[in-house]
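I have placed the structure first, in the form of structure tokens, so that the comments after it can refer back to it.
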Amino acid sequence: MFLRLTLIMLLAATGLASVTPAHARDTGSDAASRCEATTAWNDPAAANAISHYSLEWAPFGQTEWGWETYLPLIQQELATGCGAGTPAFAVALAGFQSRYSLPATGLFDPATFQVFKGLWQERRPFIMARFTGDSACPEPPPLNQLGYLVTEEEHADRLTRLLRRDTLAAYRAMVAAARAEVPDMADDPELLQIFSGFRDPEADAARCAVEKNCDGVRRATCSPHRTGTAVDLYVGQLTDLGVDSTLPASRLHMTRGATYRWLVRNAGRFGFVPYVYEPWHWEWAGPPAPVVHP
């Protein structure tokens, strides 16, 4: 456990009583009662309700207030639909903290977030290959492994053309499921369109040189897009801000949307894992393991 926790922390370094739940496993008054039932955790619940909006911190280098942007992924990790300011959320968070040798306070804090962040990084094959290998940037796939997107799959803001064929098949299956399960996505074909897929490493390097923004947060000098397994998906945007704006207000807006929250709950069914800092960025990690029932 110690070695794995150390790895998780290294990976992390690289990269309100009624808060609307990211994914309620049940709804209605019974669910609300269960979320509020554990009165012994009222104090940490109240503190979380405040910090959820007011915590001043810099998890990715720029100052942010609150941690609502990260709540959907945290709830998914904790397997709870209870809001950030509820006693049941504090209980679930304390259980997580205990499993990873942190003080089991039930309070959200930057140290706990570092562990979450490390876990999410650990699930990205591209990151693990670089971290556990020789740190060389991987070569792009051969052209015969790449497939073309169709027009309806490309977002007009920034056209892309190619993905690795297995990733493209998984993406298409995921989009079909999303449109079948969420009326808003069925009614708006722009949602889940791709605005960046496979990116040629030489073209990426040239863009880095021109724009001088490859600082490891806004853009990476060695991008997972070179593998053909990374997709930037349209999940909504604030007026006058780009589809990939990293401003805190922009990312918060995206994570409040039904499209992003559906991805948090369901993308893993199709083999996709998130990059926590960019709500639009998802990477194909391979076919998900089959569910084995006893």
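This one's a predicted model, so the numbers in the text were calculated from it and none came from an experiment.
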Report yes if some heavy atom in the side chain of Tyr70 is under 4.5 Å from a heavy atom in the side chain of Val276; otherwise report no. yes
Is any side-chain heavy atom of Glu152 closer than 4.5 Å to one of Pro189? no
Partners passing side chain to side chain contact (heavy atoms under 4.5 Å, CB included) against [X] (at least two apart in sequence or in another chain):
| X | result |
| --- | --- |
| Pro141 | Gln145, Leu146, Arg164, Phe198 |
| Ala90 | Trp41, Pro44, Asn48 |
| Asp184 | Val182 |

Using every non-hydrogen atom in the two residues, find where [X] and [Y] come nearest and quote the distance to one decimal.
| X | Y | result |
| --- | --- | --- |
| Thr246 | Gln62 | O-NE2, 3.0 Å |
| Gln75 | Phe89 | CG-CE1, 4.2 Å |
| Thr227 | Pro138 | CG2-CG, 4.2 Å |

Write out all pairs satisfying salt bridge (charged side-chain N to carboxylate O under 4.0 Å, His left out) with one or both partners inside residues 49-67, taking only residues at least two apart or from two chains. Glu64-Arg251
Which residue pairs satisfy the salt bridge (charged side-chain N to carboxylate O under 4.0 Å, His left out) criterion with at least one member in residues 83-98, sequence neighbours excluded?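 Of all non-adjacent pairs touching residues 83-98, none passes salt bridge (charged side-chain N to carboxylate O under 4.0 Å, His left out).
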Test side-chain hydrogen bond (donor to acceptor under 3.5 Å, both in side chains) applied to Thr105 - qualifying residues, sequence neighbours left out: none
side-chain hydrogen bond (donor to acceptor under 3.5 Å, both in side chains) partners for Trp282, two or more places apart: none
Which word best sums up how the rings of Tyr100 and Phe96 line up, parallel for under 30°, tilted for 30 to 60°, or perpendicular for over 60°? tilted
Between the side chains of [X] and [Y], does any donor sit under 3.5 Å from an acceptor?
| X | Y | value |
| --- | --- | --- |
| Asp232 | His225 | yes |
| Thr229 | Glu283 | no |
| Trp65 | Ser54 | no |

Result block: side-chain N/O donor-acceptor pairs under 3.5 angstrom for residues 234-242, not counting sequence neighbours:
| from | atom 1 | to | atom 2 | distance (Å) |
| --- | --- | --- | --- | --- |
| Tyr234 | OH | Gln237 | OE1 | 3.4 |
| Gln237 | NE2 | Leu241 | O | 2.7 |

Under the salt bridge (charged side-chain N to carboxylate O under 4.0 Å, His left out) rule, collect the residues that match up with [X], sequence neighbours excluded.
| X | value |
| --- | --- |
| Asp109 | none |
| Arg179 | none |
| Arg269 | Glu181 |

Does Lys117 make a cation-pi contact with Phe60 (under 6.0 Å, within 45 degrees of the axis)? yes
Do Glu77 and Arg99 sit within salt-bridge range, that is, some charged N less than 4.0 Å from a carboxylate O?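 No salt bridge links Glu77 with Arg99.
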What I want to find out is whether Glu139 reaches Arg226 closely enough, with some N-O distance under 4.0 Å, to be called a salt bridge. no
Taking the ring centre of each residue, are Trp57 and Phe108 less than 6.0 Å apart?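 Yes, the ring centres sit under 6.0 Å apart.
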Just do the side chain to side chain donor-acceptor pair (under 3.5 Å) check on Thr112 and Gln97 with the steps written out, would you? CA-CA 7 Å; Thr112 301; Gln97 291 167 326; 3.0 Å; yes
Is it the case that over 12 heavy atoms from other parts of the model lie below 6.0 angstrom from the CG atom of Asn42?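 Yes - once you tally the heavy atoms of other residues, nucleotides and ligands closer than 6.0 Å, there are more than 12.
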With sequence neighbours excluded, give me every disulfide (SG to SG under 2.5 Å) pair touching residues 31-69. Cys35-Cys82
